[in-house]
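Beneath this line is the structure, given in structure tokens, with notes to follow.
This one's a predicted model, so the numbers in the text were calculated from it and none came from an experiment. Atoms within a ligand are numbered from 1 in the order they appear, just like the ligands themselves.
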Amino acid sequence: MPTDRDPSNHRPAAPAPPAGRYAPSPSGDLHLGNLRTALLAWLFARSTGRRFVLRIDDLDRVRPGAEQRQLADLAAIGVGWDPPVVRQSDRIDHYNAAIDQLTAAGLTYECFCTRREIQKAATAPHGPMGAYPGTCRDLSDTERAARRAEGRPAALRLRAADTEFEVVDELHGRYRGPVDDVVLRRGDGIPAYNLAVVVDDAEQGVDQVVRGDDLLPSTPRQAYLATLLGLPIPRYAHVPLVLNSSGQRLAKRDGAVTLADRLALGDSPGHIVTALAASLGMTGTSAAQLLPVFNPAHLPNKPWILDPDGLLPVADNP
Ligand code: GLU
């Protein structure tokens, strides 16, 4: 155990090299859309000499066993990572410290609104569409005490001074989007996703965020939060999603879409990588083979419409 006299205690920690990441929510098995995004995140990171880290976003729904299966599936398609795997549920103190920092700067307030009340209230006249209308922003101390006395669980919100923020995305270019009084700590006391992701990326040395483009609209909020916390804003690449044949986001009910489903049909992990690569305009049967040919400039900018029944005729593939 190091002591105060141990010289290693006084050595400044060497900064970890920058990293890319994949951050699945352990709510179920990864489907081909998730695997494709993970493969892309890995290719972006490894082709630029970055570390690649995994973070398990387990502040919400957790299905027992899902995390282990997700890790096994990523490994099976050749998406390896630099340990340790980080779990958000182990990091609540870090999120609370960031929330305390914002509170000390006068940038938070308690919100007692229910979801239904927020939906019913008109959006603030100058705020972005769908933004929190600011009902609890300027409650007096007496009003706040009265709400507390009613036993309403309070969420903690950011007191945002801006209504828009611009980020730069490698695939979408400059993207300007709404910034509102985002929830930092939910009514149940759990830190909110938008806050946690910002703290985690900064502390894990993640300077490259590659994820599905359904998350692009949340990105200005996250970058804005990073700025308020004095944290660096990562580079972003929001990649097109995989959709089903009706144009909806791919889901488990769309057929044989998980690795386990595909293996049960006789596909191999190599088949899956081949199909994912083909959907990205690349040829290769393993993640390692794709690395030297990966070029973000050649990525398709449209979603991949997937028909699981026609994914790959098994006989034609490696
Ligand atoms: N855990 C989130 C999801 O699975 C992704 C978070 C992120 O990439 O920032 O949708």
Give me the pairs of N or O atoms, one from ligand 1 and one from the protein, that sit under 3.5 Å apart.
| residue | atom | partner | partner atom | Å |
| --- | --- | --- | --- | --- |
| ligand 1 | 1 (N) | Ala23 | O | 2.7 |
| ligand 1 | 1 (N) | Ser25 | OG | 2.9 |
| ligand 1 | 1 (N) | Asp57 | OD2 | 2.6 |
| ligand 1 | 4 (O) | Ser25 | OG | 3.2 |
| ligand 1 | 8 (O) | Arg21 | NH1 | 2.6 |
| ligand 1 | 9 (O) | Arg21 | NH1 | 3.3 |
| ligand 1 | 9 (O) | Arg21 | NH2 | 2.9 |
| ligand 1 | 9 (O) | Tyr193 | OH | 2.9 |
| ligand 1 | 9 (O) | Arg211 | NH1 | 2.8 |

Going by side-chain contact (heavy atoms from CB on, under 4.5 Å), name the residues that satisfy it together with Gln101, two or more places apart in sequence or in a different chain.
Leu229
is_close_aromatic(Phe44, Phe294), centroid dist under 6.0 Å:
yes
Residue pairs passing the ring pair (Phe, Tyr, Trp, His ring centres under 6.0 Å) test with at least one member in residues 212-255, sequence neighbours excluded, are Phe165-Tyr224, Tyr236-His238
Do you see a donor-acceptor pair shorter than 3.5 Å between the side chains of Ser245 and Asp307?
no
Using 0.5 Å steps for rounding, measure from the CG atom of Asp29 to the CG atom of Asp261.
8.0 Å
Using a 3.5 Å cut-off and no angle test, enumerate the donor-acceptor pairs between side-chain atoms of residues 297-306 and protein atoms at least two apart in sequence or in another chain.
none

